[in-house]
Amino acid sequence: MNVPAVRSRLLQLRRDLEAARSGRDLLDRKREAIVRALAEHVPRRDELYRVAAKALGLARTALHEAQTELGRTVIDAAALAQPPLGAIQVHERPIVGVRVPRVEGAFGDYRAHYGPATASDSLDRAGEAFVATLPSLLALASEETAVRRLRAALARTARRLNAIDQLVLPEISRHIHTVAAALDEEERDEAVRRKCWLQINKVSS
């Protein structure tokens, strides 16, 4: 046995074990940070969902009233006549290493763009109600996407932690045990050889 090489291998394995444990600690801290981020974003997402659902409910009620008064064909034509309300921008920001979007948009007051024949208070109310839903819908889109990405990152981190705990650390520990046992056996054999050599020299003397 090449004892120096085996000892070098043992030292390297111990360094690998320490590095794996450090990596596991980092992943565990990341997992905890993601869990904390989810604890903040999930309630915010749920509240925005309630706000958006309420706003959409009011808008649908106003639309139904306008459709009852004017008919679906007139409403569809009026909707097609409306110009774009504004631009939507998506910016990404990191949350505990996870890139999540922030959806933003600048919208002015609702301005009806249709002919006098289709003008009515009910149609105006429906248009205003739907425009009023946009801020909450954009905020909800941001939070919903953030929650989904954070949950995906949490799942990936958990899989890596499990792999380290169940595969990497046990495998390195097994190699360390095997190499250390081989060195111990070599040291015992060497001790026996020295003892035999000393006895032979004593007899010879």
Side-chain angles (χ1 to χ4, degrees), residues 24-163:
R24 189 211 177 279
D25 290 342
L26 286 173
L27 281 174
D28 194 40
R29 288 197 291 272
K30 180 178 181 179
R31 180 188 62 80
E32 292 175 356
I34 294 173
V35 170
R36 287 194 298 270
L38 279 169
E40 295 176 4
H41 284 271
V42 169
R44 192 181 307 162
R45 187 273 314 268
D46 293 344
E47 177 59 26
L48 284 168
Y49 179 85
R50 287 189 287 270
V51 171
K54 182 178 180 180
L56 279 174
L58 294 173
R60 290 190 181 109
T61 298
L63 177 61
H64 178 72
E65 292 174 354
Q67 288 175 337
T68 300
E69 178 184 347
L70 300 173
R72 185 180 296 273
T73 301
V74 172
I75 299 299
D76 291 344
L80 291 173
Q82 302 309 302
L85 293 172
I88 294 176
Q89 296 180 337
V90 180
H91 306 282
E92 287 197 338
R93 68 193 191 282
I95 298 178
V96 294
V98 181
R99 299 195 67 80
V100 299
R102 174 176 292 172
V103 186
E104 299 175 338
F107 307 106
D109 295 334
Y110 174 71
R111 295 284 188 273
H113 291 266
Y114 35 73
T118 58
S120 75
D121 291 341
S122 63
L123 187 54
D124 290 343
R125 286 193 298 271
E128 291 169 356
F130 273 100
V131 170
T133 66
L134 294 176
S136 59
L137 288 174
L138 294 184
L140 176 59
S142 297
E143 290 299 326
E144 177 65 28
T145 306
V147 167
R148 290 185 181 185
R149 291 189 181 181
L150 286 168
R151 283 178 173 167
L154 181 61
R156 288 194 301 270
T157 303
R159 287 195 297 270
R160 291 170 183 169
L161 277 170
N162 288 337

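Values reported hereafter were calculated over all heavy atoms of this structure, with side chains retained and with hydrogens, waters and symmetry mates removed.
At least one side-chain heavy atom of L140 sits less than 4.5 Å from a side-chain heavy atom of R45. Taking the side chain as every heavy atom from C-beta outward, K54 and R50 never approach each other to under 4.5 Å.
Of all non-hydrogen atoms in A146 and V100, the two that sit nearest each other are CA-CG1, 3.8 Å. Nearest heavy-atom pair, V131 versus P135, reported as atom, atom and distance to 0.1 Å: O-CD, 3.7 Å. Of all heavy-atom pairs spanning L150 and H41, the tightest one is CD1-CD2, 4.0 Å. The two residues S136 and A52 have their closest heavy-atom pair at OG-CA, 3.7 Å. Minimum interatomic distance between G105 and L138 (heavy atoms only, all atoms of both residues): N-CD1, 3.6 Å. Across all their heavy atoms, L63 and F130 have their closest contact at CB-CE1, 3.8 Å.
R29 contributes atom CZ, which lies 6.0 Å from atom CG of D25 (distance to the nearest 0.5 angstrom). Within the model, atoms CG of L134 and CD1 of I88 stand 7.0 Å from one another, a figure rounded to the nearest 0.5 Å. The line from CG of L26 to CG of L161 is 10.5 Å long, rounded to the nearest 0.5 Å. The structure places CG of L123 at 10.0 Å from CD of Q67, a figure rounded to the nearest 0.5 Å. For the atom pair CG (L154) and CD1 (I34), the distance works out to 5.5 Å, reported to the nearest 0.5 Å.
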**Item:** Trace of the side-chain contact (heavy atoms from CB on, under 4.5 Å) decision for L27 with R31
**Value:** CA-CA 6 Å; L27 281 174; R31 180 188 62 80; over 6 Å; no
**Asked** Given the rule in the salt bridge (Lys or Arg N to Asp or Glu O under 4.0 Å) test, do E128 and R125 qualify, once you have shown the distances and angles that lead to the verdict?
**Response** CA-CA 5 Å; E128 291 169 356; R125 286 193 298 271; over 6 Å; no
**Request:** In sequence, state the C-alpha distance, the side-chain angles, and the governing distance for R148 and E144, and then conclude on salt bridge (Lys or Arg N to Asp or Glu O under 4.0 Å).
**Result:** CA-CA 6 Å; R148 290 185 181 185; E144 177 65 28; 2.8 Å; yes
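Although no hydrogens or angles enter the test, the distance criterion places no donor-acceptor pair under 3.5 Å between the side chain of D28 and the main chain of R24. In terms of modelled atom types and a separation under 3.5 Å, the side chain of S142 and the main chain of V103 share a donor-acceptor contact.
Pairs of residues two or more places apart, or lying in two chains, that qualify as salt bridge (charged side-chain N to carboxylate O under 4.0 Å, His left out) and include a residue from residues 149-158 are E92-R149.
R93 CZ: more than 12 foreign heavy atoms inside a 6.0 Å radius.
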